[in-house]
Amino acid sequence: MRVIALSTIKAFLSRTGVDDAREPLMAWFRHVRSADWGKPADLKRDIRTVSILKGGRAVFNIAGNKYRIVVWINYPYRVVYIRLVGTHRDYDAIDAQTV
């Protein structure tokens with residue numbers, strides 16, 4: 001998969017107090033980059049803890065469910081667009097379908 005907006009991860013990691021997120025986020029990035037998901041079922045089979053939303057959206061729990069990544073996936077083109085990287089508080093403040 002091609003991952004768009006790595007800068008979103010970098011911006012999150014520049015925040016104070018999220019140092020423990022660096023390695024789990026980079027592990028997630030490496031895993032997604034090597035994945036090949038053609039449909040939501042492929043993603044769910046690969047990562048059972050992912051939440052599949054409507055319209056190609058998915059939410060990943062990172063670092064023992066301490067952080068969240070919201071993405072939009074274009075399955076035919078194998079592209080993952082990072083929409084949000086944040087804490088649970090950040091996630092609770094947004095609508096994952098529209099971010």
Side-chain angles (χ1 to χ4, degrees):
M1 304 295 286
R2 184 169 171 222
V3 180
I4 304 293
L6 180 61
S7 60
T8 307
I9 291 176
K10 290 178 181 178
F12 176 75
L13 290 174
S14 70
R15 290 170 52 176
T16 303
V18 295
D19 297 331
D20 61 335
R22 179 173 302 282
E23 195 51 44
L25 283 171
M26 295 316 295
W28 174 87
F29 175 77
R30 288 187 299 271
H31 182 89
V32 171
R33 196 176 53 191
S34 67
D36 184 23
W37 305 319
K39 56 187 177 285
D42 296 338
L43 168 57
K44 192 67 172 177
R45 191 176 313 111
D46 186 27
I47 303 174
R48 293 187 181 265
T49 60
V50 69
S51 298
I52 306 290
L53 306 178
K54 296 183 289 187
R57 298 286 178 131
V59 179
F60 296 88
N61 296 316
I62 305 297
N65 207 16
K66 189 172 180 181
Y67 304 104
R68 297 237 171 132
I69 300 177
V70 178
V71 301
W72 177 72
I73 303 172
N74 185 325
Y75 291 99
Y77 289 97
R78 307 296 201 268
V79 178
V80 175
Y81 297 90
I82 299 172
R83 306 303 298 153
L84 171 89
V85 178
T87 63
H88 272 278
R89 180 176 293 203
D90 298 334
Y91 176 79
D92 290 341
I94 57 108
D95 177 5
Q97 288 294 124
T98 60
V99 69

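Below, all heavy atoms of this structure are taken into account, side chains as well, without hydrogens, waters or symmetry copies.
- To the nearest 0.5 Å, atom CH2 of residue Trp28 and atom CD1 of residue Ile47 are 8.0 Å apart.
- The environment of CZ in Arg2 is sparse: at most 12 heavy-atom neighbours from other residues, nucleotides or ligands sit within 6.0 Å.
- For Tyr67 and Tyr91, the ring centers are positioned 6.0 Å apart or more.
- Without hydrogens or angle criteria, Lys44 side chain to Val50 main chain gives a donor-acceptor distance under 3.5 Å.
- Lys66 NZ to Asn61 CG: the interatomic distance, rounded to the nearest 0.5 Å, is 14.0 Å.
- Hydrophobic clustering (ILVMFWY, side-chain heavy atoms < 4.5 Å, transitive): Met26 and Val85 are in one cluster.
- The side-chain hydrogen bond (donor to acceptor under 3.5 Å, both in side chains) test applied to Arg33 returns no partner, not counting sequence neighbours.
- Legend: residues meeting salt bridge (charged side-chain N to carboxylate O under 4.0 Å, His left out) with Arg22, ordered by chain and number and at least two apart, are absent.
- Of all non-hydrogen atoms in Ala21 and Leu13, the two that sit nearest each other are C-CD2, 4.0 Å.
- At least one donor-acceptor pair closer than 3.5 Å links the side chain of Trp72 to the backbone N or O of Gly55.
- Proximity of Leu6 to Ile82: side-chain heavy atoms (C-beta onward) are nowhere separated by under 4.5 Å.
- Using a cutoff of 4.0 Å between basic side-chain nitrogens and carboxylate oxygens, Arg15 and Asp90 are scored as salt-bridged.
- You'll find the side chain of Phe60 reaches within 4.5 Å of the side chain of Val71, heavy atoms only.
- Here Ile9 contributes atom CD1 and Ser14 contributes atom OG; the two are 12.5 Å apart, rounded to the nearest 0.5 Å.
- Remark: side-chain polar atoms of Arg57 are not paired, donor with acceptor, to backbone N or O of Ile52 under 3.5 angstrom.
- Side-chain N or O atoms of Gln97 include one that pairs as donor or acceptor with a backbone N or O of Lys54 at under 3.5 Å.
- Between Asp92 and Arg89, no side-chain nitrogen of the basic residue sits less than 4.0 Å from a carboxylate oxygen of the acidic one, so the salt-bridge criterion is not met.
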